[in-house]
Amino acid sequence: MTEPAREFDSENAHPMVKEVMERSQQNLLQCYQCRRCAAGCPVGEETGYITPDRLIRMIILGDRENALNNQLVWRCVSCYTCGTRCPNDIQTARITETIKKIAKENHLDPLKPKVAHFHDTFVNSGVRWGRLNEMEFMSFFELKNTLKDLKRLKFKAIYDELVAKTKLGLNMARRKRMHMGFQSAKGRNEIKQLYKKAKKKTV
Amino acid sequence: MDIGYYPGCTLHASSSLYDVQSRRVFNEVGINLKEIEDWNCCGATSAGKVDDFLAIAMPARNIGIAEADGFSEIVIPCSACYSRTLVAQKRLEDDPLLKKEINTELTKKIQGTIKVSSILEVLLTKVASGELAEKVSQKLKGLKPVCYYGCMQTRFPYKVPVPDDVENPQGMETVLKVLGAKPLDWSYKTDCCGASAAVNDEEAALNLMARIMKDAVAREANCFVVTCPMCQLNMDSFQDQFCEKNEIKERLPVYFITEMVGLAMGVSVAELQIDRHFVESTELLKELNLI
């Protein structure tokens, strides 16, 4: 795919690089575009021309709009292959993880809403009871997806999701892999307090 | 010998067979897995994508509990829990202020001195001492597994000491050779199965899983062996789906390493709960006269 030439946005560039570098604790400026990350990225086929090195370039040039919402940010599986192979020790997966947070704080609609729902719901469930209850978590996750699809009148998507998840559920039940019990940690308030602290920090 | 044990949420739910197998097999080599009290969810990979402070704080509480319980070592079979806990420990060591801040909310404070071990690290000490070999009552002859490590066993988002080769780990192979199996060399041992993408970005994940499967089939493996419950669930429960989509005829059982160790020790299929896999997993063992 031909990639359009990038422009330098002097207004956005500095604050953007500074924010991403501080929060991800990665030195983006050390990237010399060798593209070892791109070569090893397992979701490279899914992300179009946006590879980890391109994402770093976008941030450095101040292309805020595209950097905050692109296929790589939402389809990165955090396998950490890019960072493990980077000759300059830049862990790009930490950058995509950071951008997810910045995008959320800026109320941007994620390109892959299901990915965002998944991680939000997972953490909420884990914090709520101190331990993750798979059934509760998956129910909330599917409910969120369905509501989103309903709003957009995507009935086919709702149907497909229902069929896929019923199939998985029945399969799991048959293998006694479906856990109907409930688990929690008594000390979960400690985690909740820490979560409150964490939220205060980012605001 | 008692070792601290962190099962994590999955080993108490959909992968409870891994919990049963781990306890049983370790007991056999003289290790008593003592579950730490009132542990909480480690946050898995999701916490790192939602909140950085929480991603450290959640596993930190468990480290504090294990240390207060008096353990000098804690073993974590789930690769994701292992990775998050190890990273949290290193981050706290490098950032005393953060440690202090988290400790203010914790009843059981973190010291940071405990050794966080993966299941392979502990098994490998028993290989080195010869105790594992002594317990093998039947060699796993005819078993040609590909060892599938996935991401979280050797790649970390932070600089931590990695106990195996990052790109070509050998821990599982070393254990399986002692058991009499013939692990095969292959190219996808540390590739990603997609993890949670299997339910939130299905197409991407199924493509990743199919690639792993194709190489395993091309190498003429007759099963996968894994340590990660996420990899296990994905490669097992979605195997029909990604194979049909990619016209792969073969189906391969996806065993936990503990199942293999247990089998070689003569533990029964029922006790190891080998019947809880999605892909038929006992036929192969019957064919090879292992059960």
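Basis for what follows: all heavy atoms, side chains included, without hydrogens, waters or symmetry-related copies. Below, chain A is the first sequence line, B the second, and so on; all start at residue 1.
- With a threshold of 4.5 angstrom between heavy atoms, A13(B) approaches chain A through its backbone and through its side chain.
- Heavy atoms of M138(A) lying under 4.5 Å from chain B belong exclusively to its side chain.
- For R276(B), the parts lying near chain A are the backbone and the side chain together; criterion is any non-hydrogen pair under 4.5 Å.
- The two atoms that bring K197(A) and F53(B) nearest to each other are CB-CE2, 4.1 Å, heavy atoms only.
- Between chain B and the residues K176(A), Q26(A), K104(A), K100(A), the largest count of heavy-atom pairs under 4.5 Å involves K176(A).
- Shown here for P42(A) and C192(B), the closest heavy-atom pair between the two residues is CG-CB, 4.4 Å.
- Ion pairing between D52(B) and K101(A) holds under the 4.0 Å rule for side-chain N and carboxylate O.
- The shortest non-hydrogen separation linking V50(B) to Y195(A) is CG1-OH, 4.3 Å.
- Of the residues considered (V43(A), T84(A), I99(A)), T84(A) shows the highest number of contacts with chain B, using heavy-atom pairs under 4.5 Å.
- In this structure, H12(B) and Q183(A) approach most closely via the heavy-atom pair CB-OE1, 3.3 Å.
- Interface remark: L208(B) contributes side-chain atoms only to the contact with chain A (heavy atom separation under 4.5 Å).
- In summary, D201(B) and K112(A) engage in a salt bridge, as defined by a charged side-chain N under 4.0 Å from a carboxylate O.
- The parts of T81(A) that come within reach of chain B are both its backbone and its side chain, each placing non-hydrogen atoms under 4.5 angstrom from that chain.
- Under the 3.5 Å distance criterion, the side-chain polar atoms of E105(B) are left unmatched by any main-chain donor or acceptor of I191(A).
- Comparing M178(A), R177(A), K186(A) by heavy-atom pairs within less than 4.5 Å of chain B, the highest count is held by R177(A).
- A salt bridge links R85(A) and E167(B); the closest N-O separation between the charged side-chain nitrogens and carboxylate oxygens is under 4.0 Å.
- Looking at E45(A), only its side chain comes within 4.5 Å of chain B, counting heavy atoms on both sides.
- Contact of F238(B) with chain A is made through the side chain alone, with heavy-atom distances under 4.5 Å.
- Taking CD from Q193(A) and OG1 from T104(B), the interatomic distance works out to 9.5 Å, rounded to the nearest 0.5 Å.
- Within the 4.5 angstrom heavy-atom criterion, no atom of Q273(B) approaches chain A.
- No side-chain donor-acceptor contact under 3.5 Å links N40(B) to the backbone of A185(A).
- Taking OH of Y80(A) as the start and OG of S83(B) as the end, the distance is 6.5 Å to the nearest 0.5 Å.
- Looking only at heavy-atom pairs under 4.5 Å with chain A, the residue among M152(B), K159(B), E101(B), K108(B) that has the most is E101(B).
- In terms of heavy-atom pairs under 4.5 Å with chain B, the best-connected choice from E190(A), R131(A), R94(A), H179(A) is R131(A).
- The candidate from T45(B), D275(B), L106(B) with the greatest count of non-hydrogen atom pairs under 4.5 Å with chain A is L106(B).
- Taking 4.0 Å as the cut-off between side-chain N and carboxylate O, E203(B) and K114(A) do not count as a salt-bridged pair.
- Residues C79(A) and R155(B) share a closest heavy-atom pair of O-NE, 2.7 Å.
- In this structure, chain B has a heavy atom under 4.5 Å from the side chain of D89(A), while its backbone stays farther away.
- Residue D191(B): no heavy atom, backbone or side chain, is found under 4.5 Å from chain A.
- The structure places OG of S46(B) at 10.0 Å from CD of E97(A), a figure rounded to the nearest 0.5 Å.
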Notebook entry, point to check: Given the rule in the side chain to side chain donor-acceptor pair (under 3.5 Å) test, do K49(B) and T96(A) qualify, once you have shown the distances and angles that lead to the verdict?
Noted result: CA-CA 8 Å; K49(B) 293 170 182 164; T96(A) 60; over 6 Å; no

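- Interface remark: K167(A) contributes no atoms to any contact with chain B (heavy atom separation under 4.5 Å).
- In terms of heavy-atom proximity, T10(B) sits nearest to E134(A) at CA-OE2, 3.9 Å.
- Note that CG of N133(A) and SG of C9(B) are 8.0 Å apart. Values are rounded to the nearest 0.5 Å.
- Both the backbone and the side chain of I102(B) come within less than 4.5 Å of a heavy atom of chain A.
- For the atom pair Q25(A) CD and D94(B) CG, the distance stands at 9.5 Å (nearest 0.5 Å).
- In terms of heavy-atom pairs under 4.5 Å with chain B, the best-connected choice from G83(A), S78(A), G187(A) is G187(A).
- Only the side chain of E202(B) has a heavy atom closer than 4.5 Å to any heavy atom of chain A.
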